[in-house]
Number of protein chains: 2
Amino acid sequence: MNTVNTKPYHHGNLREEMVRIGVELAAEGGPEAVGLRETARRAGVSPSAAYRHFPGQDSLLEAVRHTAADALGQSMQHAVSEVAADAPATEQVIAAGRGYFEFALNRQMLFRCLASGFELPEEDSRDSPFARLLELVGGLKREASAVVDDHAARFDAAVALWSAVHGISVLCTSGALRDVPQPRKRELLEVTLATAVRGLRF
Amino acid sequence: MNTVNTKPYHHGNLREEMVRIGVELAAEGGPEAVGLRETARRAGVSPSAAYRHFPGQDSLLEAVRHTAADALGQSMQHAVSEVAADAPATEQVIAAGRGYFEFALNRQMLFRCLASGFELPEEDSRDSPFARLLELVGGLKREASAVVDDHAARFDAAVALWSAVHGISVLCTSGALRDVPQPRKRELLEVTLATAVRGLRF
DNA sequence: CAACTATGTGAACGGTGTCCACATCGTGGT
DNA sequence: ACCACGATGTGGACACCGTTCACATAGTTG
């Protein structure tokens with residue numbers, strides 16, 4: 001116990017260290033860059049050591065994805081928190097979309113880890129990005145001539161919004177629009193967001 | 001020249017064969033399942049033989065993606081051709097979206113090859129799916145109170161639609177909605193499509 | 001028929017994920 | 001205080017992968 005407090009066994013919490021390095025690798029070279037051997041190498045540890053903390057490579061990648069998903073949520077939350085709390089719900093929903101998109105633009109490789117992700121099942125319900133979006137969409141009903149209130153309709157509306165934002169994010173990072181200049185990308189996001197939000201009204 | 005006509009050299013057009021097998025592999029196990037050695041093995045050929053036709057593995061995958069993109073285009077075109085040619089443009093646009101989505105659902109792994117695709121640059125302009133979509137969106141302006149006519153606005157509208165359809169497709173195949181039952185997925189598609197199309201009107 | 005080029009082969013290199021027998025180290029039971 | 005035990009890390013092996021190179025073969029062209 002020489003450095004901070006909990007460096008329990010040999011190396012001190014290897015697992016966290018490997019996830020941290022995994023995120024680093026993913027941020028540099030995308031999902032296929034996060035390999036067990038390379039991660040272990042950068043952690044100054046034998047390749048086999050990884051198997052004390054992860055059943056296999058997929059498990060490491062999954063942990064990296066989880067971290068990335070958290071960062072995405074923070075980006076959304078930050079963007080939402082920057083509009084006035086009593087601003088029209090429309091503004092808040094659009095802000096959430098901007099936060100999503102900005103994360104995709106600024107951390108492209110990390111976002112690709114999420115986009116190519118098989119497993120992101122639980123989402124810890126509480127401050128899951130989707131849960132927050134559901135809440136914001138619920139706020140939309142209080143607005144002028146907006147969506148209905150029952151849970152199903154609210155879910156459907158959230159999916160429609162999520163699809164639009166995720167779609168433009170993917171197209172602008174790994175898709176057909178990835179070579180478009182950034183300012184134009186932001187324009188396209190605004191158009192897509194406006195279209196989706198407008199489409200929710202009758 | 002014993003079988004059909006053009007089996008020029010040793011094996012007879014290996015390249016096409018490898019692409020065919022590559023598509024097969026991709027359809028079974030996604031993009032990471034299409035490997036040079038496995039493809040060569042199934043073609044009954046040495047691994048090195050592949051390098052006479054492809055500079056590397058990425059090139060093979062790119063060829064597979066090109067084939068998949070063609071199939072996607074056909075799916076869209078087929079869906080569009082099933083609505084009356086003089087049907088409202090809205091119906092045609094929605095049909096195109098359904099064709100896109102159905103391809104994603106029915107050929108999930110193949111679609112993932114496209115979604116995770118880096119390079120799809122040219123698209124042969126003529127019957128590129130996006131070009132066709134642009135055309136259909138152009139038709140929207142003739143409808144009731146629809147979008148404006150200038151090229152930029154038409155492009156923006158097409159991007160907004162594309163984003164929504166691509167987004168729901170990704171979410172339903174490799175994303176958070178992949179475990180939703182199929183009929184519900186189609187419902188969600190309809191909601192998303194309706195929202196996007198409705199959003200294009202003022 | 002000879003030379004040439006296109007195509008396919010076999011063996012090798014470095015890299016990977018995964019597993020196994022063994023080493024080491026903190027800790028809890030007596 | 002000791003000692004056995006479980007948690008953690010090591011080194012070496014295995015099979016596989018993508019890639020390259022020197023070599024073999026087979027159509028084509030003069």
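Letters go in sequence order (proteins before strands), and every chain restarts at 1. Because the structure is a prediction, the values reported are computed rather than measured.
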query = Can you check whether B/E32 reaches B/R112 side chain to side chain, under 4.5 Å on heavy atoms?
reply = yes

request  = Grab the CZ-P distance between B/R37 and D/dA15 for me, whole Å please.
outcome  = 14 Å

task = Take the protein atom CD of A/E32 and the nucleotide atom P of C/dT16, then report the distance between them rounded to whole Å.
result = 14 Å

inquiry  = Looking at D/dG9, I'd like to know if its phosphate oxygens (OP1 or OP2) sit under 4.0 Å from a side-chain N or O belonging to A/H53.
reply    = yes

task = Evaluate whether atom CD of B/E16 has more than 12 neighbouring non-hydrogen atoms of other residues, nucleotides or ligands under 6.0 angstrom away.
result = no

request  = Specify the residue among A/R52 and A/E38 whose closest nucleotide of DNA chain C lies further upstream toward the 5′ end.
outcome  = A/E38

request  = Spell out, as yes or no, whether a donor-acceptor pair under 3.5 Å connects the side chain of A/T195 to the backbone of B/L200.
outcome  = no

query = Given atom CZ of A/F54 and atom C1' of D/dG9, what is their separation to the nearest angstrom?
reply = 15 Å

request  = Taking side chain to side chain contact (heavy atoms under 4.5 Å, CB included) as the test, write out the residues that go with B/A115, two or more places apart.
outcome  = B/F111, B/H166, B/V170

query = Roughly how many Å is it from CD in B/Q57 to C1' in D/dC16, rounded to a whole number?
reply = 13 Å

message = Please find the pair of heavy atoms, one from A/L110 and one from A/A27, that lie closest to each other, and give the distance.
response = CD1-N, 3.9 Å

request  = Check side chain to side chain contact (heavy atoms under 4.5 Å, CB included) between A/E102 and all other residues, then give those that pass, not counting sequence neighbours.
outcome  = A/N106, A/R186

note = Per the under-4.0 Å heavy-atom filter, residues of residues 15-30 of chain B near DNA chain D come out as none

All salt bridge (Lys or Arg N to Asp or Glu O under 4.0 Å) counterparts of A/R98, not counting sequence neighbours = A/E190

request  = May I have all residue pairs that pass salt bridge (charged side-chain N to carboxylate O under 4.0 Å, His left out) and include part of residues 41-57 of chain B, sequence neighbours excluded?
outcome  = B/E24-B/R42, B/E28-B/R42, B/E38-B/R41, B/E38-B/R42

request  = For DNA chain D, determine which residues of residues 40-51 of chain B have any heavy atom closer than 4.0 angstrom to one of its atoms, and list them numerically.
outcome  = B/R41, B/S48, B/Y51

query = How close or far is atom P of D/dT19 from atom CG of B/L36, stated in whole angstroms?
reply = 6 Å

ask   = Would you call A/R184 and B/D156 a salt bridge, taking side-chain N to carboxylate O under 4.0 Å as the test?
value = yes

For atom CG of B/L61 and atom P of D/dG18, their distance in whole Å = 10 Å

